[in-house]
Number of protein chains: 2
Amino acid sequence: MNAEKKEQIMNAAVELFAVKGFEGTSVRELASKAGVNLAMINYYFGSKEKLFENIVECKAVNTREELEEIAKDKELDEIGKIDKMVDNYVRRLFCNRYFHRVIHHELMLNQREELQNIIVTKLFPNSNIIKGVLEDGIKKGVFKKVDIELTIASLVGTVNQVLLSKKFCNKMMSKPENYVPYDDEKFIKRVSDHIKSLMRSHILK
Amino acid sequence: MNAEKKEQIMNAAVELFAVKGFEGTSVRELASKAGVNLAMINYYFGSKEKLFENIVECKAVNTREELEEIAKDKELDEIGKIDKMVDNYVRRLFCNRYFHRVIHHELMLNQREELQNIIVTKLFPNSNIIKGVLEDGIKKGVFKKVDIELTIASLVGTVNQVLLSKKFCNKMMSKPENYVPYDDEKFIKRVSDHIKSLMRSHILK
DNA sequence: AAAACTTAATTAAACGTTTGTTTGAATTAA
DNA sequence: TTAATTCAAACAAACGTTTAATTAAGTTTT
């Protein structure tokens with residue numbers, strides 16, 4: 001197995017799936033972008049759908065560990081943990097925005113049951129860690145008794161909102177149409193700062 | 001032109017596009033669901049893509065007027081306006097969740113430039129009205145000097161987050177897999193209340 | 001009011017492409 | 001020599017769209 005060529009195909013696929021969707025991407029276009037022969041995709045992955053599953057399995061970097069480390073850090077208080085998790089989460093999503101789009105795209109559709117289950121079981125533990133920190137803070141009396149689940153939805157949803165539509169994002173931010181906000185370090189900080197401030201005022205007593 | 005049959009086709013299309021995506025829906029499946037002959041779709045709309053454009057033009061109910069009425073209401077103070085707008089927005093999106101999914105889906109993809117422009121020009125004025133209220137509140141000194149654009153992103157993003165993936169939503173809310181939260185009046189109120197509380201603590205001095 | 005005519009709506013069948021996938025020969029690597 | 005890789009070509013199936021024939025509805029003429 002040529003691991004390098006497999007990588008090439010997967011990278012091309014992530015970008016195409018993100019921009020055109022799974023159904024909107026043909027294997028010919030995909031092969032062309034990856035610079036490999038059409039038949040190589042089925043040779044390596046078995047089918048277009050198996051390629052998709054392979055991508056989700058591979059590219060879902062183990063983010064749980066990073067978050068768990070923050071959750072266990074005894075040098076941080078509850079709000080400090082939330083701050084650090086937000087920074088971590090925003091940065092990671094901005095970096096892997098193509099992959100994240102693919103995931104989000106797939107979650108929206110009710111196709112490919114199998115794939116949905118893989119995604120949910122990979123994503124769920126992450127939000128569970130944040131949930132734990134919120135619960136701790138409430139128990140200790142440093143956080144208000146907020147709606148924990150929806151607080152997480154606000155956190156995740158805010159990032160998604162700016163991440164998922166460049167056009168709408170630029171219009172809202174009064175940036176030119178061709179501006180790419182996702183590589184702009186200042187913009188990442190702006191989003192991070194906003195969410196942290198939003199969370200602080202919402203949960204801090 | 002048989003307006004009733006046109007409606008049938010559009011309604012079937014919205015639901016299918018929402019669940020399977022535009023590319024993932026075949027005109028045969030669509031015709032079958034709408035209970036019309038395959039050729040009727042091109043007879044009435046010209047093409048599958050024109051049908052899509054037609055849906056966006058037709059179904060985008062003029063929500064601007066409702067929001068503008070709230071914005072102009074002299075009986076309400078700034079935070080009262082925000083409260084009412086949130087209620088209005090959440091309820092409307094939950095009611096038209098299929099259509100909203102289609103819009104969101106299309107905004108994510110960078111296909112069909114024409115269609116994207118239609119959508120953005122229809123959606124943009126809405127967020128601009130909310131923006132106006134936030135600016136007024138800040139000018140009057142009753143609101144904190146928050147990041148206005150990202151505050152709107154949080155508002156919209158929170159609703160989207162619970163609206164766009166039933167599976168993830170149910171998992172997060174510890175509901176059974178087959179539960180449909182979007183018709184549950186209690187759930188709508190819960191989301192509304194959360195966002196209002198989030199906004200109040202974030203923007204109120 | 002009936003018949004003749006005209007236009008609109010509906011249909012099954014077929015159109016040419018494109019789709020994902022497979023094949024079997026050619027090439028490369030071990 | 002053997003096995004793994006690469007490739008052009010072909011596969012059947014599904015795609016969006018069009019066609020030409022038929023039915024229904026509406027209008028005009030007798």
Side-chain angles (χ1 to χ4, degrees), chain A residues 1-58 102 105-106 109-116 118, chain B residues 1-58 102 105-106 109-116 118:
Chain A
M1 280 270 180
N2 186 341
E4 195 186 324
K5 202 158 266 187
K6 270 186 98 168
E7 269 281 314
Q8 271 178 51
I9 296 172
M10 289 206 282
N11 287 335
V14 167
E15 207 171 317
L16 281 176
F17 290 173
V19 174
K20 309 193 144 204
F22 179 74
E23 280 83 7
T25 304
S26 77
V27 287
R28 279 168 184 80
E29 193 181 4
L30 174 44
S32 163
K33 187 177 174 82
V36 301
N37 185 276
L38 166 66
M40 287 293 94
I41 288 157
N42 284 298
Y43 179 73
Y44 279 126
F45 297 95
S47 71
K48 188 189 174 189
E49 190 158 338
K50 289 234 184 76
L51 160 63
F52 197 175
E53 290 174 17
N54 222 292
I55 288 173
V56 175
E57 300 270 20
C58 282
V102 175
H105 205 118
E106 186 58 25
L109 307 177
N110 287 9
Q111 316 285 89
R112 293 176 285 277
E113 182 78 8
E114 171 94 17
L115 200 40
Q116 285 232 357
I118 299 177
Chain B
M1 279 271 179
N2 188 340
E4 195 185 323
K5 202 158 268 189
K6 269 187 97 167
E7 270 281 314
Q8 271 178 53
I9 296 172
M10 289 206 282
N11 288 335
V14 168
E15 208 171 318
L16 281 177
F17 289 173
V19 174
K20 309 192 144 206
F22 178 74
E23 280 84 6
T25 304
S26 78
V27 288
R28 282 169 182 80
E29 193 180 6
L30 173 45
S32 164
K33 187 177 174 82
V36 302
N37 184 277
L38 165 66
M40 286 293 93
I41 288 156
N42 284 298
Y43 179 74
Y44 279 127
F45 298 94
S47 71
K48 189 189 174 190
E49 190 159 336
K50 290 235 184 77
L51 160 64
F52 197 174
E53 290 174 16
N54 222 292
I55 288 173
V56 175
E57 300 270 20
C58 282
V102 175
H105 204 118
E106 187 58 24
L109 306 178
N110 288 7
Q111 316 284 89
R112 294 175 286 276
E113 182 77 8
E114 173 95 16
L115 200 40
Q116 285 232 357
I118 299 177

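All figures in this text were calculated on a predicted structure; none of them were measured in a lab. Per chain, numbering begins at 1; letters A, B, ... match sequence-line order.
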**Message:** Between A:V102 and A:I55, does the side-chain contact (heavy atoms from CB on, under 4.5 Å) criterion hold? Intermediate values first, please.
**Reply:** CA-CA 10 Å; A:V102 175; A:I55 288 173; 5.7 Å; no

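The side chain of A:Y44 approaches D:dT5 more closely than any other nucleotide in the set D:dT17, D:dT5, C:dT10. Counting only heavy atoms from C-beta on, B:N37 has its side chain closest to C:dT11 among D:dA8, C:dT19, C:dT11. In the set D:dT19, C:dG20, D:dA8, D:dA8 carries the atom at the smallest distance from any side-chain atom of A:A39. Relative to the side chain of A:Y43, the nucleotides D:dA10, D:dA4, C:dA8 differ in distance, and D:dA4 lies closest. Taking the side chain of B:M40 as heavy atoms from C-beta on, and the options C:dT10, D:dA10, C:dA14, the nearest nucleotide is C:dT10. Here the side chain of B:L38 is nearest to one of C:dG20, D:dT17, C:dT10, namely D:dT17.
Distance A:K5 NZ to D:dT6 C1': 7 Å, rounded to the nearest Å. Rounded to whole Å, atom P of C:dG20 lies 10 Å from atom CG of A:N42. Taking atom CZ of A:F52 as the reference point, atom C1' of C:dG20 lies 16 Å away to the nearest angstrom. As a whole-Å value, the separation of B:E49 CD from D:dT17 C1' is 14 Å. Rounded to whole Å, the distance from CZ on A:R28 to P on D:dC15 is 16 Å. If you measure from atom CD1 of A:I41 to atom P of D:dT6, you get 13 Å, rounded to the nearest angstrom.
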Donor-acceptor contacts, no H, no angles, side chain residues 19-28 of chain A, under 3.5 Å, sequence neighbours left out:
{"residue": "A:K20", "atom": "NZ", "partner": "A:E29", "partner atom": "OE2", "Å": "2.7"}
{"residue": "A:E23", "atom": "OE2", "partner": "A:R112", "partner atom": "NH1", "Å": "2.8"}
{"residue": "A:E23", "atom": "OE2", "partner": "A:R112", "partner atom": "NH2", "Å": "3.3"}
{"residue": "A:T25", "atom": "OG1", "partner": "A:L16", "partner atom": "O", "Å": "3.4"}
{"residue": "A:T25", "atom": "OG1", "partner": "A:G21", "partner atom": "O", "Å": "2.8"}
{"residue": "A:S26", "atom": "OG", "partner": "A:E29", "partner atom": "N", "Å": "3.1"}

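For the pair B:Q116 (side chain) and B:E106 (backbone), a donor-acceptor distance under 3.5 Å is present.
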